[in-house]
There are 2 protein chains.
Amino acid sequence: MVTLADVARQAGVSSATASRVFGRPDMVGAETRAIVIEAADRLGYVANSTARALAMGSSGLLGLVVPQLSSSYFAPLISAVQSEVERSGFELIIVDSRGCPESEIEIARRLRGRVDGIIFASPRSPGAALAEAARAFPVVTVNRELPDIDSVSVDVIAGLTELCELLITAGHRTIAYLGGPPGSISDDGRFLTARTVIGDNGGEVLRFGPVEPTVSAGAESLSMLQEAGVHAVIAYNALVAHGLMFAAATVGARVPDDLAVAAVDDLIDIGLGLPSLTAITQPMGEAGSRAGRMLVGQAARPSGTDPDTRARTIQHLVLPSTLVIGETC
Amino acid sequence: MVTLADVARQAGVSSATASRVFGRPDMVGAETRAIVIEAADRLGYVANSTARALAMGSSGLLGLVVPQLSSSYFAPLISAVQSEVERSGFELIIVDSRGCPESEIEIARRLRGRVDGIIFASPRSPGAALAEAARAFPVVTVNRELPDIDSVSVDVIAGLTELCELLITAGHRTIAYLGGPPGSISDDGRFLTARTVIGDNGGEVLRFGPVEPTVSAGAESLSMLQEAGVHAVIAYNALVAHGLMFAAATVGARVPDDLAVAAVDDLIDIGLGLPSLTAITQPMGEAGSRAGRMLVGQAARPSGTDPDTRARTIQHLVLPSTLVIGETC
DNA sequence: TTGTACGCGTTATCAT
DNA sequence: ATGATAACGCGTACAA
């Protein structure tokens, strides 16, 4: 490995000057700079980020913890966080907690002292554990508001309300809610919202599930809905909704005439590309870039900053979801 | 931040002893060990992995570069690599190259000096650039065999041959190949294999596409196939295949009677759960854990090891794909 | 078994 | 503008 000292020696300057060439280019004479750079890439010098991190007291590494890496829901978030973070000169380390609360905090412990901050996406851990982590380093949560932690969340309630009203307007009175996955914090909230809104409008909502958030689980659920005699369904998830539609198509049921289908999120952005579904589009990409920006803001702040100053300015950002009306409803 | 020195002072021992308690527990007296541990977690000591990395000359960090994070194809690979790597006490940093060759090597440059090794999954970069990276640190490629770099790849050719023979046996003579995505290295290979095998058996293969690897792109392609009068299609990808099937169901075309559908990979493992498709199952999870193991093996080797020793033992692991016969064919 | 002292590669302070 | 030097936190010969 070729070090800064090697470059300095080769260029005939001190290692301090060589260091400045890369860190503070303007603090060094134009010609010396040229010489050093020349020497550097002749020797193939690459800065050792570990040493730099130790000297500067920060690693330039940020963490993102998601419950499921392969989830279509988080894909745009992950992508956006990565863009945002790299744009600010940080590196991103993405970890999959596999939906397991204990592993979330286990991950936080492992990452401690290695990253400058962490984003927890839809964390399932107890708030206390997250707060504990937040005292160790900057933390931003997504879809989870905790008193002392910056957060950005998507307001599905608004879109869901709009959706329920749409269904009522369309004449539906009995509406199925097909929920999932088991253990999801947001599932209950969605059901309750639907029940309230629809109940207030003289309708009734039947809760089915929970089912796995997969196409086949959706397909298998169709008969259940048909037996219950429902003609409108709100699916937890676009995969489930498409399973329903797929099964409906194969048994000759018409959408939306025989069964109106809607979903709480869509899959347009993530390469599945099934646009005509009536769904609540959640701006996960936007959420990701906002969360990324918030974390960078915290992490970039000189570590000497008075902790109290940071504690007093907790942000809770809420992004609106929008109802996209397709042909399935 | 509480350092090892703090712990040592608190415990009344030297920092060397404190260090050994965590690194070489057996080299320290039982009671001193207890005291140090006591002091450590009373102070809430967490080892600074940056400093450790600098001192030991390795970071305990491995990198995984994928062309697309949200791809259902790579999801099981990513998951497996992560498991494997964590099992060996490493941390994994996952980066999305967005399918852009330049960004692959750009990433390699950025990660240099920060990670102990990298896995490139289905890299599109020129071989020379990858070889260059491989001289800087341990590298393993997936689905790309380069002379001097360890690799593990999945042999789709075998499964595809089998599939073609199946279609021929079923009586098909004119078979469509619906390819994509643009720029994929493997796409050409698949088409050529299909043409060769089917041609050898007196059949003919028509190439369509490339199309985006999405469900909707598949759905939109159906009419194209119907106009061409084909009754059997091999889709690049299971998403595309399901788009075709979805479109077929809605226009009343029967699968497999009117149109036999097969795909080169499936989506069973990744939460889409659509099992009845005839498809070539690629063991991406297995590939991931093997690649992870290979990289760990390289990275864990003491850095003082003679470079020549490592250079002479390049491994190219090839995993078989298997044809899974569903109802669509 | 334990302590002393040095090195890892870089940045930052303080001279010059 | 540049150079000497002290950190940064930890591992590890080497000595005791």
Side-chain angles (χ1 to χ4, degrees), chain A residues 1-37 39-40 43-61 89 112-116 136-137 300 302-304, chain B residues 1-37 39-40 43-61 89 110 112-116 136-137 302-304:
Chain A
M1 165 186 276
V2 36
T3 76
L4 197 56
D6 298 329
V7 175
R9 195 175 316 117
Q10 173 81 23
V13 300
S14 81
S15 64
T17 302
S19 172
R20 280 188 281 253
V21 167
F22 302 104
R24 301 265 202 286
D26 43 319
M27 289 182 63
V28 68
E31 47 188 333
T32 4
R33 190 190 323 160
I35 295 176
V36 171
I37 289 181
L43 266 53
Y45 167 74
V46 180
N48 181 326
S49 12
T50 304
R52 180 200 302 260
L54 182 59
M56 301 205 312
S58 72
S59 64
L61 228 53
R112 187 172 175 174
R114 166 159 284 172
V115 300
D116 295 340
F137 44 62
S303 56
Chain B
M1 166 186 276
V2 37
T3 77
L4 196 55
D6 298 328
V7 175
R9 194 175 317 117
Q10 173 82 22
V13 300
S14 79
S15 62
T17 303
S19 171
R20 281 188 279 254
V21 166
F22 302 104
R24 302 265 199 286
D26 43 319
M27 289 183 62
V28 69
E31 47 189 332
T32 0
R33 191 190 321 160
I35 296 176
V36 171
I37 290 181
L43 267 53
Y45 167 73
V46 179
N48 181 326
S49 13
T50 303
R52 182 202 301 264
L54 183 58
M56 302 206 313
S58 73
S59 64
L61 228 52
R110 286 204 322 250
R112 186 171 175 176
R114 164 159 285 173
V115 300
D116 295 339
F137 46 61
S303 56

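Each chain gets a letter, A, B and so on, in the order its sequence line appears, and its residues count up from 1. All values derive from a computational prediction rather than experimental measurement.
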List in chain and number order the residues that pass side chain to side chain contact (heavy atoms under 4.5 Å, CB included) with B:Asp116, two or more places apart in sequence or in another chain; answer none if no residue qualifies. B:Ser58, B:Ser59, B:Leu62, B:Phe90, B:Ala299

Give the residues of residues 17-28 of chain A touching DNA chain D, defined as any heavy atom closer than 4.0 Å, sorted by residue number. A:Thr17, A:Arg20, A:Met27, A:Val28

Report the residue from A:Val46, A:Asn48, A:Asp6 that forms a side-chain contact (heavy atoms from CB on, under 4.5 Å) with A:Met1. A:Asn48

Using side-chain heavy atoms (C-beta onward) and a distance below 4.5 Å, is A:Val13 in contact with A:Val21? no

For the pair made of CG in A:Leu4 and C1' in C:dT11, what is the distance, rounded to whole Å? 10 Å

Students should find that the end-to-end axis angle of the helix from C:dT1-D:dA16 to C:dT16-D:dA1, with five pairs defining each axis and rounding to 10 degrees, is 40°

Checking all strands, does A:Ala47 fall into the base, sugar-phosphate, or nothing category for heavy-atom contacts under 4.0 angstrom? sugar-phosphate

Of the listed nucleotides (C:dT4, D:dC10, C:dT11), which one gets closest to any side-chain atom of B:Arg52? D:dC10

Short N/O separations, protein against nucleotides 6-8 of chain D, under 3.5 angstrom:
unit_1	atom_1	unit_2	atom_2	d
D:dC8	O2	A:Ala55	N	3.4

Using OP1 and OP2 only, check whether a side-chain N or O of A:Thr32 sits under 4.0 Å from D:dT2. yes

Donor-acceptor pairs under 3.5 Å, side chain of residues 24-35 of chain A to any protein atom, not counting sequence neighbours: which ones?
unit_1	atom_1	unit_2	atom_2	d
A:Thr32	OG1	A:Gly29	O	3.2
A:Arg33	NE	A:Pro25	O	3.4
A:Arg33	NH2	A:Val28	O	3.3

Integer-rounded Å distance: C:dG9 P and B:Arg114 CZ: 16 Å

Residues two or more places apart in sequence or in another chain: which of them pass side chain to side chain contact (heavy atoms under 4.5 Å, CB included) with B:Ala40? B:Val7, B:Phe22, B:Tyr45

